[in-house]
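Everything on this sheet refers to the single structure shown next.
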Amino acid sequence: MGINNVLHRRQYKIVIDDTINGLNLDTLGDLGIWSNPKNKHYLVTLRSNEDPNTDIGKFIKAFEKKTGLTSDNFTIQSQTGPLTLQRAVDDEWF
């Protein structure tokens with residue numbers, strides 16, 4: 001595995017609506033590596049650049065199926081990593 005494969009993976013920032021209690025990250029583990037840095041804010045990093053969910057449309061469909069949410073309940077942004085603290089500040093991801 002090359003260094004670029006490790007450092008530059010697709011990431012999605014998901015912000016859920018205030019009316020939603022939260023996400024059960026245990027049930028979403030097969031979609032990627034999840035973190036919850038802020039209330040109602042989630043970051044998922046795909047495990048591989050060959051993951052079919054690098055296509056945002058496929059990811060959204062899988063996410064909606066697993067969570068039962070619709071596009072009215074969340075916003076999503078995609079980015080190819082790495083997400084560093086400086087990049088988060090510069091891009092205002094959070």
Side-chain angles (χ1 to χ4, degrees):
M1 176 183 305
I3 191 75
N4 284 335
N5 192 27
V6 173
L7 292 178
H8 299 281
R9 291 191 186 160
R10 172 70 71 181
Q11 297 172 321
Y12 296 109
K13 174 192 159 198
I14 300 169
V15 180
I16 59 172
D17 191 86
D18 288 335
T19 60
I20 308 299
N21 289 332
L23 299 177
N24 181 354
L25 300 184
D26 292 335
T27 63
L28 299 173
D30 63 331
L31 291 177
I33 302 165
W34 290 82
S35 62
N36 181 211
K38 220 173 121 176
N39 188 35
K40 310 276 184 184
H41 289 67
Y42 299 87
L43 178 69
V44 59
T45 303
L46 300 185
R47 297 181 192 279
S48 158
N49 289 328
E50 288 77 38
D51 189 317
N53 287 320
T54 56
D55 177 290
I56 193 169
K58 289 181 181 180
F59 179 83
I60 290 172
K61 186 180 273 189
F63 177 76
E64 288 177 340
K65 184 177 180 180
K66 286 191 161 289
T67 62
L69 299 177
T70 66
S71 59
D72 294 334
N73 302 121
F74 65 91
T75 59
I76 188 168
Q77 291 178 319
S78 66
Q79 170 173 307
T80 300
L83 179 66
T84 62
L85 287 176
Q86 186 61 51
R87 188 179 205 184
V89 170
D90 291 345
D91 294 348
E92 298 182 9
W93 252 44
F94 294 103

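Here the structure is a predicted model, which means the values were calculated and not measured. As a basis for the values below, the full set of heavy atoms in this structure was taken, side chains included, without hydrogen atoms, waters or symmetry mates.
Among residues two or more places apart in sequence or in another chain, the salt bridge (Lys or Arg N to Asp or Glu O under 4.0 Å) test is passed with D30 by K66. Considering only residues two or more places apart in sequence or on other chains, T70 meets the side chain to side chain contact (heavy atoms under 4.5 Å, CB included) condition with D72, N73. Every residue two or more places apart in sequence or in another chain was checked for a side chain to side chain donor-acceptor pair (under 3.5 Å) with T75, and none qualifies. Annotation: side chain to side chain contact (heavy atoms under 4.5 Å, CB included) contacts of N21 (sequence neighbours excluded): none. Under the side chain to side chain contact (heavy atoms under 4.5 Å, CB included) criterion, S35 pairs with P37, L43, not counting sequence neighbours. Partners of T19 under the side chain to side chain donor-acceptor pair (under 3.5 Å) rule, at least two apart in sequence or in another chain, are D17.
The side-chain heavy atoms of L23 and L69, taken from C-beta on, include a pair separated by under 4.5 Å.
From Q11, atom CD reaches atom CD of Q79 across 6.0 Å, with rounding to the nearest 0.5 Å. For the atom pair R9 CZ and D51 CG, the distance stands at 10.0 Å (nearest 0.5 Å). Note that CD1 of I14 is 11.5 Å distant from NE2 of H41, once rounded to the nearest 0.5 Å.
Aromatic ring centroids of F74 and F63 lie under 6.0 Å apart.
None of V44, L46, I60 except one satisfies the side-chain contact (heavy atoms from CB on, under 4.5 Å) rule with N53; the exception is L46.
Judged by distance alone, with hydrogens and angles left aside, the side-chain atoms of R47 form no donor-acceptor pair with the main-chain N or O of I33 at under 3.5 Å.
The two residues S78 and I56 come nearest to each other via the heavy atoms CB-CD1, 4.0 Å. Of all heavy-atom pairs between L31 and A62, the closest is CD2-CB, 3.8 Å.
Using cut-offs of 30° and 60° for the angle between ring planes, the F59 and Y12 rings count as parallel.
Applying the salt bridge (Lys or Arg N to Asp or Glu O under 4.0 Å) rule to pairs touching residues 52-65 yields nothing, sequence neighbours excluded.
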